[in-house]
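Lettering of chains follows the sequences in order, A, B, ..., and the numbering in each one begins at 1.
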Amino acid sequence: MSGLLGVLAEAWSEVRVHKARVVLSLVGVFLAVFAMTSVTGLGLIVAQVQQEQAERSGGRAATIGLSAYDPMTGMPPDAARWEAALGGLLNRYGITTYATVGYGEGLFRLPGGTQSLQVTEVSPSYGPLHRIQPVAGRWLREGDRTSLSPALVVNEYLLDLLGGGPLTAPRTVVLGGPQPVTATVVGVVRDGYPQPTVYRVDRSGMDTGAAPAANPLGYGPPTLELWVPDDQADAVISAVQSDLPLALPGLEVQAYRQDSPGLAETLDTLRLAVRGAGAVVLLLGGLGVFNVGMMAVRQRIREIGIRRSFGATSARVFGAIMLESVVATVLAGLAAVALAVVVVRNLPLVDWFNNGVPIADEPGFPVQAAVEGLVAAAGVGALAGLLPALLAVRVKVIDAIRF
Amino acid sequence: MSQLQLTGIGREVRLPDGGVLPILTEVDLTVEAGEHVSIVGRSGSGKSTLLNVLGLLDSPTAGEYLLDGEPTDRLRGRRRARLRGECFGFVFQQFNLLPRRTAAENVAAPLLYARGREFLTRNRAAREVLERVGLGDRADQVPERLSGGEQQRVAIARALVRRPRVVLADEPTGALDVETGRAVMALLAEATAEQGTALVTITHDLAVAALADRQLRLEGGRLTPMAPVVAEVVP
Ligand SMILES: Nc1ncnc2c1ncn2[C@@H]1O[C@H](COP(=O)(O)OP(=O)(O)O)[C@@H](O)[C@H]1O
Ligand SMILES: [Mg+2]
């Protein structure tokens, strides 16, 4: 017990006394651990941003897009037929989360003049499926479907056109056309686009029960998005492709995976590359530690001899040099991890990578990367200390203390 | 039983050209507990070699060395190192303090290799011994800022801190001016006597040798008794 404490005390004293030398030799280790930890930390955030961006457009894993239309006219089936055909399918696979999305156009009477804008007509469930989180107000909800005033969620760009923020209370905007209606803006999202984005609840008191109108301008039929467990995705797609045409004779049915299943692999590859680069830098850093360690042992031959005269065993001499190397590299690793935490926490990453859109699920600090960095630093310290320690053990005491 | 008992000790070294150089040929020496023995001899006569053999830093090539009545020829590695740390304190001509570590740290250093209480209370013990050699107020100085005499007093404190049975001093005054050397030597003799530690001093200085209970001369690889020297007759 006191043997171990003794080795530790000795190693610490060495590191303390030879601060400058130790610090110099550790620059490489420090940089490597810092690079590994901070790049992994950044990588996780960038990955999350990528994932959330992908989810905002394609839906979460696994989202299946489903649409049907008459190949002759391009018209979707009427609501009753469509729902009857789908009901069985949803039940069979226990699919409880699904959303509809269709595209249309609306004439918005904005303070600066009337503009025709593309409108995304969605069911309230579209929000959670695409991880949309309003920065002000709220997302669409089931009750909006019975409201006489269609509920809208717009992006910040459009809010500016509507007179600017902040949105402290719902706002109205008149949608023109043959029968003008007053729509209500209930929420604002931040998507960073320099163009107006409008989500409109897919049904409202005005047109209850009606399926989204077929789009005369060629936006295509509305899509039903099904959210299913990843491993069921393929089964659901093939079931839909075989069953649905039977229920909807004469119609063309399309079913396809919408989210990006390759994303996880891409990110893993990225992480592997970063880790590989970090390992190389760490080895180079270790070479520096090794070099200085060898030099230090040569300079300290006399000191080693003196310690031998105190009764230091070979194991102690070996352990002290080795541990000195490890203590030093672990300290460098700790400092590097600490700096990485500070840097990753304080960089305006969201502004750089995500147009200032807040991240819905901000990843925590990469504890695993930090631990790996520390373990790697200790390993490099041990490796770099091995030869100097062996050299130290071979020092001949009587030669060392002879003046 | 004698503390150290050497009978017919020889030490020869193999030279790079294949020859053999006998340094010690037939050394007989007995050191009793608490005794102070001095050894004088010309430079190159093998005094340091003998001291290294005594302190288990080196092994003889012939003869028998009993430490507390136990033969030492079978001692290897760990046990040899342990026994060296427990039984002996060393004082060198060049002080051999650990550079850039304070006097207190230097004195505590041998206790890093001790166990239990001795290890845990090393810093307090170091300061106490520094008090005893009159350096209580310099405990936090690094050797580089101490005079030669002070450095050697730190080395003496360090040799005493584990309460060894024998202190081995290799020309402890060799790097000091005459006056400082004698003061340091007096301190060493007094401090070892005070704690009942035997002292083997190697020296050139007959006045230093005169402080010992017994004076021996190393010549031709053998030890011979010297006629007692009286300190006062040396100018
Ligand atoms: N390992 C060795 N190899 C060769 N010669 C040595 C070795 N050790 C000591 N010597 C020689 O042995 C002689 C005695 O050395 P030493 O014990 O240091 O003498 P002293 O301390 O009396 O001056 C010297 O001539 C020295 O050069
Ligand atoms: Mg000598």
> Where along residues 55-63 of chain B does a heavy atom come under 4.5 Å of chain A, listed by residue number?
Replying inline: B:Leu57, B:Asp58
>> Quick check on B:Arg79 against chain A: is it the side chain, the backbone, both or neither that has a heavy atom closer than 4.5 Å?
In response: neither
>> Under 4.5 Å from any heavy atom of chain A, what part of B:Ala159 do you find: side chain, backbone, both or neither?
In response: neither
>> Between B:Asn52, B:Leu120, B:Asn96, who has the most heavy-atom pairs with chain A when the cutoff is under 4.5 Å?
In response: B:Asn96
> Relative to chain A, which segment of B:Arg162 carries a heavy atom at a distance below 4.5 Å: side chain, backbone, both, or neither?
Replying inline: side chain
> Side chain, backbone, both or neither: which part of B:Glu105 has an atom under 4.5 Å from a heavy atom of chain A?
Replying inline: side chain
> Are the charged groups of A:Glu303 and B:Arg101 less than 4.0 angstrom apart, N to O?
Replying inline: yes
>> Heavy atom to heavy atom, less than 4.5 Å: which residues from residues 304-320 of chain A reach chain B?
In response: A:Ile306, A:Arg307, A:Arg308, A:Ser309, A:Phe310, A:Gly311, A:Ala312, A:Thr313, A:Arg316
>> Surrounding CZ of B:Arg80 (heavy atoms of other residues, nucleotides or ligands, distance under 6.0 Å), is the total greater than 12?
In response: yes
